[in-house]
Amino acid sequence: MLLARARLLLVTAWAGSLWTVGYLVAPTLFRTLSDSVLAGTIAGSMFRSEAIVSLVCGAGLLVLLALEKGFDAKRKRLLMLVVAGMLALVAVSTLGLGPMMAALKEAAPGGMMEPAARKQFGMLHGVSMVLYLIQSVLAGVLVFKNPAAPITR
């Protein structure tokens with residue numbers, strides 16, 4: 001029962017942080033701040049922090065799922081694949097796309113990119129958004145497929 005509750009806590013923290021940062025905080029930053037470069041810098045920092053939350057939650061979930069003996073092997077395998085997929089998406093975004101996008105931003109004097117660099121940044125940003133969307137959908141799968149902890153009174 002303790003493992004099931006810990007697993008539920010990690011799933012909730014991971015899905016909640018993904019959806020909150022990606023679909024509430026980041027859009028609010030761009031709508032609220034008049035300086036889009038500042039909004040992008042803050043959003044980038046928040047996405048990096050969210051990636052750390054994702055890595056901690058994902059690693060914890062893999063450990064808890066490996067220790068779990070209470071549900072069927074098919075569901076366990078599905079959940080482990082979903083978690084591994086989400087972690088792979090975080091790795092590609094954080095370790096692959098993130099540094100390339102940061103390099104393009106650093107090379108731009110005063111935040112003004114050349115048209116070719118802006119186009120490349122936009123493409124990388126688009127790929128990153130698609131990966132984030134896939135990760136968000138997989139988080140929904142985790143929420144719905146995660147067996148609930150038994151209720152005890």
Side-chain angles (χ1 to χ4, degrees), residues 1-33 36-106 118-153:
M1 181 168 65
L2 183 61
L3 286 178
R5 288 183 176 173
R7 201 178 57 245
L8 180 62
L9 179 66
L10 290 175
V11 167
T12 303
W14 196 358
S17 70
L18 267 173
W19 297 335
T20 301
V21 170
Y23 306 108
L24 181 67
V25 175
T28 301
L29 281 172
F30 284 97
R31 277 194 312 267
T32 305
L33 297 176
S36 63
V37 174
L38 176 61
T41 301
I42 295 170
S45 179
M46 294 187 70
F47 281 113
R48 282 189 294 281
S49 296
E50 199 291 317
I52 293 169
V53 170
S54 292
L55 293 175
V56 169
C57 290
L61 276 171
L62 285 178
V63 169
L64 292 176
L65 286 168
L67 295 174
E68 182 64 53
K69 303 205 184 319
F71 53 88
D72 67 282
K74 185 177 177 183
R75 180 177 282 204
K76 184 176 182 176
R77 186 174 40 252
L78 171 70
L79 292 173
M80 290 185 92
L81 284 173
V82 168
V83 170
M86 290 174 70
L87 285 172
L89 292 171
V90 170
V92 169
S93 290
T94 305
L95 303 174
L97 299 174
M100 289 192 292
M101 292 169 65
L104 288 170
K105 286 173 78 176
E106 282 183 26
R118 186 178 309 160
K119 183 177 178 181
Q120 186 178 7
F121 184 87
M123 183 197 66
L124 292 171
H125 189 264
V127 171
S128 178
M129 288 175 58
V130 169
L131 296 180
Y132 198 87
L133 176 64
I134 294 169
Q135 195 179 353
S136 299
V137 171
L138 289 175
V141 173
L142 270 185
V143 169
F144 285 106
K145 292 294 184 181
N146 186 41
I151 298 173
T152 58
R153 299 189 191 251

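It should be emphasised that the depicted structure is a prediction, and the values quoted were computed from it without experimental measurement.
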Item to check | Residues in side-chain contact (heavy atoms from CB on, under 4.5 Å) contact with V143, at least two apart in sequence or another chain | outcome: V11, A15, W19
Item to check | S128 side chain to L124 backbone, donor-acceptor under 3.5 Å | outcome: no
Checklist entry - Just how far is it from atom CG of L8 to atom CG of L142, taken to the nearest 0.5 Å? => result 11.0 Å
Checklist entry - Heavy atoms, side chains only, cut-off 4.5 Å: are K105 and V37 in contact? => result no
Checklist entry - Who passes side-chain contact (heavy atoms from CB on, under 4.5 Å) against V127, sequence neighbours left out? => result L97, L131
Item to check | With sequence neighbours excluded, residues passing ring pair (Phe, Tyr, Trp, His ring centres under 6.0 Å) with F121 | outcome: none
Next on the checklist: Using 0.5 Å steps for rounding, measure from the CE atom of M123 to the CE atom of M101.
Outcome noted: 10.0 Å
Please output the side-chain donor-acceptor pairs of residues 46-61 that fall under 3.5 Å, not counting sequence neighbours, one pair per line with the distance.
from, atom 1, to, atom 2, distance (Å)
R48, NH1, G44, O, 3.4
S49, OG, S45, O, 3.3
E50, OE1, S54, OG, 3.2
E50, OE2, S17, OG, 2.8
E50, OE2, S54, OG, 3.0
S54, OG, W14, NE1, 2.8
S54, OG, E50, O, 3.2

Item to check | Pairs touching residues 87-102 that satisfy side chain to side chain donor-acceptor pair (under 3.5 Å), sequence neighbours left out | outcome: none
Checklist entry - Can you name the nearest heavy-atom pair linking T32 to T28, along with the distance? => result OG1-O, 2.7 Å
Pair up each side-chain donor or acceptor in residues 72-88 with any protein partner under 3.5 Å, not counting sequence neighbours, and list the distances.
from, atom 1, to, atom 2, distance (Å)
D72, OD2, K74, N, 3.2
D72, OD2, R75, N, 3.1
R75, NH1, K145, O, 3.3
K76, NZ, L65, O, 3.3
K76, NZ, E68, O, 2.8

Item to check | Heavy-atom pair of closest approach, residues S136 and Y23 | outcome: OG-OH, 2.9 Å
Checklist entry - What pair of heavy atoms forms the shortest contact from F30 to A43, and how long is it? => result CE1-CB, 4.1 Å
Next on the checklist: If I take atom OG1 from residue T12 and atom CZ from residue R5, how far apart are they, to the nearest 0.5 angstrom?
Outcome noted: 13.0 Å
